[in-house]
Amino acid sequence: MPSRVALIGAGRMGTPLCGRLVSAGHTVTAFDLRPEREAAVRSLGADWAPSVAAAVAGADVLVTVVPGPDEAAAALPDAVFAALATGAVWIDMTSNAPAAARELRQRAGAHGVDVLEAPMGGSPDDAEQGRLWLFVGGSADVLDRCRPLLEAVTTSDRIRHMGGPGTGYTTKLLINLLWFGQATATAEALLLGRRAGIDLTALHGTLAGSAAGSDFIRRDLPALFAGDYLHSYALDRIHDQLKVITEEAQDLGTVALSLSGSQHSGHSGPEGPSHHQSVRASA
């Protein structure tokens with residue numbers, strides 16, 4: 001059954017999700033802090049709202065696709081949940097922090113709003129093509145209720161129910177922890193290999209087929225060599241996620257891993273130095 005969806009966040013991931021929801025027959029009203037995103041949203045057949053409050057008024061489903069915990073908290077005061085339709089559900093697709101989301105979940109529940117977390121794995125192209133991974137945390141009953149909408153953005157086999165509240169966020173953070181670790185280790189290996197006089201193309205092929213091979217080396221490293229440095233994802237964003245992992249490890253009484261305990265410094269602005277600057281310096 002088509003829903004009236006309020007989509008908060010029309011960036012590199014939110015925009016293709018918006019298009020898929022519209023194509024599935026849902027009525028979508030989107031908001032983003034950047035007013036220049038309006039044209040892209042309207043070109044997909046969605047409506048544009050001038051504020052979060054205007055977007056959510058009377059909506060059956062609230063979908064948030066914002067960068068992280070701070071942005072989610074800023075976008076979701078009590079008034080937002082109060083403005084949703086009776087029996088509404090909030091689906092958070094943000095790479096959120098379990099502890100920060102807990103307060104928002106309680107805030108939503110106070111207004112009778114069900115909550116499902118579904119942080120994403122994949123690229124903007126995966127979002128456009130409907131092949132994202134969704135790491136779901138929350139009630140199985142709420143997931144069953146939301147499944148038709150989620151299947152508008154990905155296939156049923158890529159919707160992974162990890163458990164109760166917080167487990168979806170934690171799963172995404174653990175995936176990122178391992179991916180960041182692979183990226184760091186690979187960059188260090190390439191730097192050492194290059195300085196030892198090894199051709200990087202030959203080293204890449206050898207590593208990919210070896211016991212040390214990984215999806216990062218086989219799938220992502222060619223894009224890096226081709227000059228795709230993902231300018232929109234800064235080192236500070238990675239640092240923020242590693243900080244959340246470290247805090248959760250401390251809360252759970254586990255040993256903080258060396259990568260998540262490391263600190264990034266040398267900020268060059270609100271986003272810090274971009275990822276390609278780091279790679280170029282090490283390669």
Side-chain angles (χ1 to χ4, degrees), residues 5-18 21 28-34 37 41 49 51-57 59-84 88-122 124 127 132 134-139 142 146 149-150 153 162 164-176 232-234 236-248 251 270-271:
V5 179
L7 176 68
I8 308 304
R12 55 190 296 269
M13 298 299 289
T15 299
L17 291 178
C18 179
L21 291 170
V28 181
T29 302
F31 168 77
D32 193 281
L33 287 173
R34 298 160 294 183
R37 299 303 302 160
V41 165
S51 66
V52 174
V56 302
D60 306 307
V61 181
L62 167 62
V63 177
T64 45
V65 193
V66 295
D70 291 344
E71 292 83 357
L76 299 171
D78 278 333
V80 168
F81 296 114
L84 293 167
V89 62
W90 167 40
I91 302 175
D92 187 22
M93 305 183 80
T94 302
S95 294
N96 214 331
R102 191 177 303 122
E103 180 179 343
L104 294 176
R105 188 166 58 247
Q106 293 170 349
R107 191 180 297 173
H111 293 281
V113 176
D114 287 328
V115 180
L116 197 72
E117 64 199 56
M120 304 168 286
L132 289 171
L134 299 181
F135 313 113
V136 177
S139 161
V142 177
C146 296
L149 188 143
L150 297 179
V153 302
M162 305 310 298
T167 59
Y169 296 132
T170 300
T171 298
K172 175 61 187 294
L173 289 167
L174 293 176
I175 290 170
N176 283 356
S232 60
Y233 202 89
D236 276 8
R237 186 63 64 190
I238 294 174
H239 176 257
D240 288 345
Q241 292 200 19
L242 293 177
K243 182 173 181 290
V244 170
I245 294 169
T246 303
E247 291 171 349
E248 185 167 10
D251 290 343
E271 289 290 328

Nearest non-hydrogen partners of [X] and [Y], listed with the distance:
| X | Y | result |
| --- | --- | --- |
| Ala118 | Ile91 | CB-CG2, 4.2 Å |
| Ala100 | Pro69 | CB-CB, 4.0 Å |
| Val28 | Cys18 | CG1-SG, 4.0 Å |
| Ser51 | Ala54 | OG-N, 3.1 Å |
| Gly14 | Val65 | N-CG1, 3.9 Å |
| Gly121 | Phe135 | N-CE1, 3.7 Å |

Atom pair [atom1] ([X]) and [atom2] ([Y]), whose distance is rounded to the nearest 0.5 Å:
| X | Y | atom1 | atom2 | value |
| --- | --- | --- | --- | --- |
| Met93 | Leu150 | CE | CG | 6.5 Å |
| Leu84 | Asp114 | CG | CG | 11.5 Å |
| Asp240 | Ser95 | CG | OG | 11.5 Å |
| Thr170 | Glu248 | OG1 | CD | 3.5 Å |
| Leu76 | Thr64 | CG | OG1 | 6.0 Å |
| Leu62 | Thr29 | CG | OG1 | 11.5 Å |

Going by heavy atoms in the side chains, are [X] and [Y] under 4.5 Å from each other?
| X | Y | value |
| --- | --- | --- |
| Met120 | Leu134 | yes |
| Leu149 | Val89 | no |
| Pro119 | Thr171 | no |
| Tyr169 | Val244 | no |
| Val63 | Leu17 | no |
| Pro124 | Met13 | yes |
| Leu173 | Pro98 | yes |

Sidechain-backbone polar pair: [X] side chain, [Y] backbone, donor-acceptor under 3.5 Å:
| X | Y | result |
| --- | --- | --- |
| Arg37 | Ala10 | yes |
| Thr94 | Gly68 | no |
| Glu117 | Gly138 | no |

*With sequence neighbours left out, write down each residue that passes salt bridge (Lys or Arg N to Asp or Glu O under 4.0 Å) with Asp92, or none if nothing qualifies.*
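Salt bridge (Lys or Arg N to Asp or Glu O under 4.0 Å) list for Asp92, sorted by chain: empty.
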
*Does the side-chain contact (heavy atoms from CB on, under 4.5 Å) test come out yes or no for Val115 and Val142, once each step is laid out?*
CA-CA 7 Å; Val115 180; Val142 177; over 6 Å; no

*Given the rule in the side-chain contact (heavy atoms from CB on, under 4.5 Å) test, do Ile8 and Val80 qualify, once you have shown the distances and angles that lead to the verdict?*
CA-CA 11 Å; Ile8 308 304; Val80 168; over 6 Å; no

